[in-house]
Every structure is written in C-alpha cells, then in structure tokens.
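Here's the structure we're looking at; comments come further down.
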2 protein chains.
Amino acid sequence: MSSYQASGYWYSEGDSVPEAVDLLNLMRRYREAERRMRAATRGSMGMNETDMSALRFLLAAHREGVTPRQRDFAEELGISNASVSVLIDRLCRDGYAERVVHPADRRSVGIVPTDYSDTEVRGTLHRMHEQMMDAVGTLSEDERVAVAKFLEAMIRSVEIDDEPRQPSAGKGAVRESALPSR
Amino acid sequence: MSSYQASGYWYSEGDSVPEAVDLLNLMRRYREAERRMRAATRGSMGMNETDMSALRFLLAAHREGVTPRQRDFAEELGISNASVSVLIDRLCRDGYAERVVHPADRRSVGIVPTDYSDTEVRGTLHRMHEQMMDAVGTLSEDERVAVAKFLEAMIRSVEIDDEPRQPSAGKGAVRESALPSR
DNA sequence: GCTAATAGTTAGCCTGTCTAAATATATTCT
DNA sequence: AGAATATATTTAGACAGGCTAACTATTAGC
C-alpha cells in the first residue's frame with residue numbers, strides 16, 4: 001500500500017493507483033519545487049522574498065492600468081508603511097520601479113515599474129506560468145473536475161483548521177488581519 | 001470562458017467545468033491558505049519560519065528514532081552552522097528541544113525534542129495533516145489518478161523551467177547551491 | 001603523537017523588519 | 001476662509017536573525 005514512486009506516472013502504467021498519502025507527498029514535492037524555483041529567480045535577480053512579491057504585485061497592477069501607492073504595498077505584503085518606504089527605495093535604486101506623483105492625491109507617491117523590470121520578470125515567472133497552463137491544458141474535463149475537487153478539499157482542510165466542530169458557526173477561519181505579526 | 005467561482009463546487013453542479021486557469025487559481029488559493037495557516041501556527045507559538053521548520057524536522061527525525069546533530073539542521077534548512085547554533089539556543093531556551101551528548105561522536109551535540117514541543121505541534125499541524133488525509137480519502141481511484149497526473153505536470157513545469165531547450169547543453173541552470181546568498 | 005578534518009561556539013557585521021516622531025497634503029467642520 | 005483632523009510618506013533608532021571568520025574540542029589518518 002502507498003508505494004512511493006519518485007517520478008512515476010500512475011495514470012499510464014495502469015496497475016498502481018496513487019493513495020491519499022501519495023497525493024499529499026506530491027503536493028509537498030510541488031511546494032518544494034516551486035519554492036526552489038522562486039528562490040532561483042529571486043537569487044538571479046539579487047532580490048529578497050518581499051521585494052520580489054512587491055515587484056510581482058506592481059507588475060500585475062500595472063498590467064491592469066492601476067498605479068498603486070505605497071500604502072497598497074503595505075496592505076498587500078503585510079508589512080508596515082515604514083518598511084514599504086525603504087522597500088520602494090530599493091526597487092528604485094536597482095532600476096525596477098520609479099516614483100511618480102500620484103494623479104489623484106498629491107500626498108501619495110505612485111509607483112510604476114520600469115520596462116526593464118517587466119522584461120526581467122517575464123523571462124522567468126511568466127514562462128513558468130505559460131508552461132503550467134500548457135500542462136494543465138492536456139487534462140480532460142473529468143480530470144479537471146477531479147483536480148478542482150481535490151484542491152477545494154485541500155483549501156478547506158487548511159482553512160477551517162481552527163474550528164473543527166460547529167459547522168454552522170461559519171466563522172473561525174484564520175483571518176489575515178488578525179494574525180499576531182510577531 | 002473561465003468563470004471565476006470564488007468557492008464553487010464544480011463537480012456537483014454539473015454544468016460548468018473548471019478550465020486550466022481556474023485550476024491554477026485554486027493552486028494559488030491553496031498556497032495562500034496554507035501559508036496563512038502556518039503563519040498562524042507559528043505566531044501562536046511565537047516562532048519564526050526557520051525555527052518552525054527546524055522543529056518540524058526535529059520531530060520527524062525523532063519519530064523515526066534518529067537523533068539529529070546540529071550539522072543536519074544546517075543541511076536541511078540551508079543555513080550556516082553558526083546560525084544553527086543560535087537557532088538551537090532559541091529552541092532550548094523556549095523549551096522545545098534539549099541538547100544531549102551524541103552517543104557516537106563527542107564533538108557533536110544530539111538534539112531531542114521535549115514532550116512539550118511534540119504535543120504543541122500535534123495540536124496544529126498534525127491535525128491539519130489528518131484533515132487533509134480524510135479529505136483526500138473521499139476521492140475515487142480515477143480522481144486520484146487525475147490529481148496525480150496534474151501534480152506531476154505542475155512539478156515538471158516548475159522544475160525544468162530553466163532549460164526548456166537543448167537537454168544536452170548542461171549549462172545555464174541556476175543550481176541551488178550556486179545561489180548568491182544575498 | 002602530529003596533522004588534518006569535523007562539530008560547535010562566539011564575535012562582529014549586515015539586512016530587513018518594527019515603532020515613534022516628523023512632514024506634507026487633504027478633508028471636514030464651523 | 002481657517003482650524004482641526006485625517007492620511008501618506010519619510011526618517012531615526014532599535015531589534016532579530018542571517019552571514020563570515022576566528023577559536024575550541026574532538027576524531028581520524030599517517
């Protein structure tokens with residue numbers, strides 16, 4: 001039972017079906033692989049985790065035509081305004097972003113990505129995203145339904161964790177803003 | 001196409017099938033939820049990320065009857081021996097671990113978890129793990145095969161990312177150990 | 001028994017976070 | 001309009017956790 005297959009392809013062999021624990025192991029392996037991949041990207045760009053997240057957020061916002069303020073970064077990243085101020089200093093110093101006057105509020109600083117940062121990130125994370133889309137594209141409808149069911153279950157498992165009983169309470173999910181930041 | 005359903009259950013509605021982008025969104029949601037959950041656990045125990053990973057590693061090793069040395073922590077966590085030394089100081093100070101003389105090598109210090117740390121972690125991460133096992137247990141064989149196929153594809157997407165062409169070139173891959181640590 | 005290798009500790013530095021206080025601009029009330 | 005208050009950012013100072021380099025204790029090789 002639950003034979004561990006380092007890089008097996010269950011679906012095409014036909015004889016051994018993955019068990020629950022195998023799926024959880026795959027989830028863990030994915031998490032590790034993704035973490036390594038992000039670390040490599042980050043490393044190759046000489047950035048830390050937070051700055052990388054900030055840059056991704058900035059690029060996403062920019063693609064939607066929005067010019068975020070520093071305040072928005074603080075909320076998105078869960079760090080203080082003061083820390084964001086220094087973070088944006090770093091992004092500007094390294095040529096990834098620029099401060100502009102915010103059109104609607106002169107108290108605020110609008111942040112825009114440079115062309116350089118866009119191409120830099122596209123070369124890595126964007127390519128990964130496309131590869132994932134291609135990979136998932138080969139699944140049948142039934143398979144996609146199964147995967148969705150699985151992921152929903154996983155999300156529920158880690159979300160309701162605080163209140164295992166009392167299904168009708170409807171609350172008890174760990175809320176981001178309520179976390180003790182230290 | 002690709003209707004975003006915040007918390008929909010595709011499989012039981014019957015009419016709308018999740019598309020590739022929906023699955024990737026689910027993956028992202030899961031990652032976020034898990035990150036929040038771990039952050040909450042960590043916060044409730046007053047620990048930082050690295051110390052938490054160290055404690056999980058220690059408990060896993062202990063359950064298998066192994067007494068790891070500080071050296072093993074350095075390798076597992078990817079931090080320096082010096083940092084591990086201080087890390088173990090913290091774990092001991094807060095009552096999660098104890099230093100013992102290593103039976104086979106008197107240069108080494110064996111690390112063992114306290115009973116306290118085991119129960120403390122069991123109350124959170126262990127419960128999550130059980131919930132996940134239960135959830136996955138409801139999937140059919142076909143569904144498990146589909147999920148395995150999906151996860152394998154995801155892993156490949158983020159793993160090969162560095163070298164899409166020229167499998168024999170052997171160059172250009174960012175190797176984990178070669179990362180500039182800053 | 002020397003010498004080299006290995007495990008851990010300590011000291012000093014650097015980065016990234018925080019809070020508190022300062023500054024500039026917006027908004028609201030009278 | 002003018003005052004009071006609220007909001008956005010910056011700066012200063014402190015702290016935590018990572019690093020390297022130098023040091024001690026033990027083990028292994030010759």
Side-chain angles (χ1 to χ4, degrees), chain A residues 35 39 42-43 45-55 57-58 61 66-94 96-112 176-177 179-182, chain B residues 39 42-43 45-55 57-58 61 66-94 96-112 176-182:
Chain A
R35 193 187 54 71
R42 199 168 74 225
M45 294 180 70
M47 296 179 93
N48 66 35
E49 183 74 46
T50 313
D51 291 13
M52 195 72 213
S53 297
L55 184 51
F57 170 67
L58 174 58
V66 183
T67 298
R69 298 161 299 168
Q70 297 196 172
R71 195 151 194 264
D72 303 320
F73 285 83
E75 191 177 343
E76 169 74 16
L77 302 172
I79 62 178
S80 72
N81 289 334
S83 301
V84 171
S85 190
V86 187
L87 184 158
I88 300 294
D89 284 348
R90 289 193 295 269
L91 289 187
C92 291
R93 162 169 59 78
D94 298 340
Y96 296 119
E98 281 175 4
R99 284 184 166 96
V100 300
V101 285
H102 196 91
D105 187 343
R106 255 177 310 181
R107 288 171 305 184
S108 292
V109 179
I111 311 295
V112 293
E176 175 76 348
S177 59
L179 294 179
S181 66
R182 195 221 133 168
Chain B
R42 198 168 74 228
M45 294 179 69
M47 294 178 95
N48 65 36
E49 183 74 46
T50 314
D51 291 12
M52 197 71 214
S53 298
L55 184 50
F57 170 66
L58 173 59
V66 183
T67 299
R69 297 163 298 170
Q70 296 196 174
R71 182 150 206 282
D72 303 320
F73 285 84
E75 192 176 343
E76 169 76 15
L77 302 172
I79 63 179
S80 71
N81 289 335
S83 301
V84 171
S85 190
V86 187
L87 185 157
I88 301 294
D89 284 348
R90 289 192 295 269
L91 290 188
C92 292
R93 163 169 58 79
D94 298 341
Y96 295 119
E98 281 175 4
R99 284 183 166 96
V100 300
V101 286
H102 196 90
D105 188 341
R106 253 179 310 178
R107 288 172 304 184
S108 293
V109 179
I111 312 296
V112 292
E176 175 77 346
S177 58
L179 293 180
S181 65
R182 171 248 132 158

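The analysis underlying the following values was restricted to heavy atoms, covering all of them including side chains, and did not include hydrogens, waters or symmetry mates. Residue numbers start from 1 in every chain, and the chains themselves are labelled A, B, ... in the order their sequence lines are given, proteins ahead of strands.
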Counting heavy atoms from C-beta on, name the nucleotide in dA12(D), dT20(D), dT9(D) closest to the side chain of V109(A).
dT9(D)

Side-chain heavy-atom pair D94(B), M47(B) within 4.5 angstrom cut-off
no

Using whole Å, report how far CD1 of I88(B) lies from P of dG17(D).
14 Å

Nearest-Å distance for atom pair CZ/C1', residues F73(B) and dT6(C):
18 Å

Regarding the side chain of D105(A), the nearest nucleotide among dT9(C), dA26(C), dT17(C) is dA26(C)

Under a 3.5 Å distance rule, please check whether N48(B) uses its side chain to pair with a backbone N or O of T50(B) as donor and acceptor.
yes

Nearest whole angstrom, please: distance from the C1' of dG16(C) to the CE of M47(A).
14 Å

Tell me: CD of E75(A) to C1' of dT7(D), nearest whole Å?
14 Å

Rounded distance (Å) that lies between atom P of dT17(C) and atom CD of E49(B)
14 Å

N/O (side chain, N81(A)) to phosphate O (OP1/OP2, dA8(D)) under 4.0 Å:
no

Starting at atom CD1 of I111(B), determine the distance to atom C1' of dA7(C), rounded to an integer number of angstrom.
11 Å

For R107(B) and dT9(C), what is the distance between atoms CZ and P respectively, to the nearest whole Å?
14 Å

For dT27(D) and R106(B) - does any side-chain N or O of the residue sit under 4.0 Å from the phosphate oxygens OP1/OP2?
yes

Distance in angstrom units between L87(A) CG and dT11(D) P, rounded:
15 Å

Is a side-chain donor or acceptor of S85(B) paired with a backbone partner of N81(B) at a separation under 3.5 angstrom?
no

Comparing D89(A) with D51(B), nearest DNA chain D nucleotide closer to 5' gives the residue D89(A)

Can you tell which of dT27(D), dT17(C), dA8(D) lies closest to the side chain of R69(A)?
dA8(D)

May I ask you to verify if any side-chain N or O of R71(A) is less than 4.0 angstrom from the OP1 or OP2 atom of dT7(D)?
no

5' precedence on DNA chain C between D72(B) and S83(A) (nearest-nucleotide basis)
D72(B)

Report yes if the side chains of R99(B) and I111(B) come closer than 4.5 Å at any heavy-atom pair, otherwise no.
yes

If you check the I79(B) side chain, which of dT9(D), dC19(D), dT20(D) turns out closest?
dC19(D)

Can you tell me if S85(B) touches the phosphate of dT9(C), counting only side-chain N or O atoms and a distance under 4.0 Å to OP1 or OP2?
yes

Toward the 5' end of DNA chain D, which comes first, S108(A) or A104(B), by nearest nucleotide?
S108(A)

Can you confirm whether more than 12 heavy atoms, excluding those of R106(A), are under 6.0 Å from its CZ atom?
no

Base, sugar-phosphate, or nothing: which does S80(B) touch, judged by heavy atoms less than 4.0 Å apart?
base

